[in-house]
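When a ligand or atom number is given, it counts from 1 through the structure's own listing order.
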Amino acid sequence: MLIDTHCHLDASEFDADRADVAQSAWDAGVRAIVVPGVMRANFTDVLALSQQHAHCAMALGIHPLFVDQSQPEDIQHLAQWLRANAEGKLPPGIQDESAVGKTPRIVAVGEIGLDFFVEGYDQAKQEFYFIEQLKLAREFDLPVLLHVRRSVDQVIKQVRRFGVKGIAHAYNGSLQQAEALIKLGFKLGFGGAMTWERALKLRSLARELPLEAIVLETDAPDIPPQWLGHHGRNSPDQLPKIAEVLAELRGVETAEIACATSKNALDILPFLSELYTPANVSH
Ligand SMILES: [Zn+2]
């Protein structure tokens, strides 16, 4: 069994074949796909996926590159969803159209964070949304899915301040920063970027970090693995091959990687285990 801890299955790149992509991931042994929200407007799309597919899990948050399309009241809106979730319900006005027989759970606050790589973004605005959402994660006792680019130290400072933990997705910082995040209880997400032979720094991190700290992800449709090419559309059914690359890098069996990274994902996202019924764990 494998867990894709970060996949934007609601993205428009999947409009033509979303259900097939979800099924193909299942057929490839991917037993959970965590779909993060990026802004208020996509919350219902993320919810719909977890209502339609038993192996899709919902996270909700405002992404640092979507703060310009967001309003401060969207934080209140997110808080409403989290409050209802804490009571096992959907927020007011949202129909329960679940095809999977239960009200979906929000497994994390995300995707949230800071991105100082892309130019033209307002850092203070990003920090406002990040901090407000860290407060919500703490209030509702949920892990966070972090987007961290050129901002690892600033992110570490804030997560330490609010005492939250979770996953640093598509990790690409230094070994020292990785160790600081691990010490704070974070898992680090590795995916397609690690499969590129020229990604020497990232591959050495994937080789050397403790296996207990690593979770797998695709970030589909983005960050394609090397075999799909720079412009290929990534998808969650690529996860077994990504796991194979990590196994090769570490000189262990793929089964060990699958088992350890799934356990790590369930440890850091405890509500994910609610997706499982005896029937789907046995595969
Ligand atoms: Zn993402």
**Student:** I'd like to know if Lys263 and Asp267 make a salt bridge, using a cut-off of under 4.0 Å between side-chain N and carboxylate O.
**Tutor:** yes
**Student:** Just wondering, do Trp81 and Ile94 contact through their side chains at under 4.5 Å, heavy atoms?
**Tutor:** yes
**Student:** Once salt bridge (charged side-chain N to carboxylate O under 4.0 Å, His left out) is applied, what residue pairs with a partner in residues 114-135 remain, sequence neighbours excluded?
**Tutor:** Asp68-Lys125, Asp115-Arg149, Glu132-Lys135
**Student:** Suppose the cut-off is 2.8 Å; how many protein N/O/S atoms fall inside it around the Zn ion (ligand 1)?
**Tutor:**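 Atoms of protein N, O or S type lying less than 2.8 Å from the Zn ion (ligand 1) total 3.
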**Student:** Evaluate the ring planes of Trp26 and His55, with Trp represented by its six-membered ring, and classify them as parallel (under 30°), tilted (30 to 60°) or perpendicular (over 60°).
**Tutor:**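 Perpendicular: the ring planes of Trp26 and His55 meet at over 60°.
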**Student:** Side chains of Asp219 and Asn234: closer than 4.5 Å at any heavy-atom pair?
**Tutor:**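 They are not in side-chain contact.
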**Student:** Is it true that Leu60 and Met39 fall in one hydrophobic cluster, defined by side-chain heavy atoms closer than 4.5 Å?
**Tutor:** no
